[in-house]
Amino acid sequence: MKEFHCGSLVPGCDWHTRHEEEAEVIRRAAEHMREAHGETVIRESMVEAIRSRIAEARNAA
Ligand SMILES: [Zn+2]
């Protein structure tokens, strides 16, 4: 289970998501960036920033 906390990228944001597939976590995170943070264009550098902050979720149930 992969997990991404938006606050690791955007201080103060407590949105987070988790999914089995890293690609799906990135997709959801990119969608959140558009809707919540006004990122109309998701650049490769943004995707890399998200990817580097995805962690293995502990206590995945
Ligand atoms: Zn956010």
Side-chain angles (χ1 to χ4, degrees):
M1 187 72 83
K2 306 292 185 186
E3 188 172 51
F4 171 72
H5 287 263
C6 188
S8 66
L9 189 60
V10 183
C13 183
D14 62 4
W15 183 90
H16 64 278
T17 189
R18 51 167 60 178
H19 196 273
E20 294 290 346
E21 300 291 334
E22 183 185 71
E24 176 65 10
V25 173
I26 292 172
R27 194 192 66 76
R28 290 181 184 183
E31 194 171 273
H32 168 75
M33 287 297 162
R34 278 198 300 273
E35 293 178 353
H37 300 301
E39 296 283 349
T40 53
V41 177
I42 304 299
R43 298 172 195 281
E44 188 63 25
S45 60
M46 173 70 72
V47 173
E48 286 305 316
I50 292 168
R51 195 199 311 278
S52 70
R53 288 166 173 79
I54 291 175
E56 193 67 34
R58 293 178 202 169
N59 305 321

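Nothing fancy with the numbering, it's 1 onward along the sequence.
- Counting heavy atoms from C-beta outward, Glu20 and Met1 have side chains that approach closer than 4.5 Å.
- The CD1 atom of Ile26 lies 12.5 Å from the CZ atom of Arg53; values are rounded to the nearest 0.5 Å.
- A search for salt bridge (Lys or Arg N to Asp or Glu O under 4.0 Å) contacts involving Glu44 returns nothing, not counting sequence neighbours.
- When side chains are defined from C-beta on, Trp15 does not count as touching Val10, because their heavy atoms never get closer than 4.5 Å.
- Between His32 and Thr17, the closest side-chain pair of non-hydrogen atoms is not below 4.5 Å.
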Practice task
Using the salt bridge (charged side-chain N to carboxylate O under 4.0 Å, His left out) rule, take Glu31 and Arg28 through it: C-alpha gap first, then chi angles, then the decisive distance, then the call.
Solution key: CA-CA 5 Å; Glu31 194 171 273; Arg28 290 181 184 183; over 6 Å; no

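- The two residues Ala49 and Leu9 make their nearest non-hydrogen contact at CB-CD1, 3.8 Å.
- One distance of note links CE of Met46 with CD of Glu39; it measures 3.5 Å at 0.5 Å rounding.
- In this structure, the side chain to side chain contact (heavy atoms under 4.5 Å, CB included) partners of Glu21, at least two apart in sequence or on a different chain, are His19, Glu24.
- Nearest heavy atom pair, residue Arg18 against residue Val25, reads C-CG2, 4.3 Å.
- Annotation: side chain to side chain contact (heavy atoms under 4.5 Å, CB included) contacts of His5 (sequence neighbours excluded): Glu3, His16.
- Atom CD1 of residue Ile50 and atom CZ of residue Arg27 lie 12.0 Å apart, to the nearest 0.5 angstrom.
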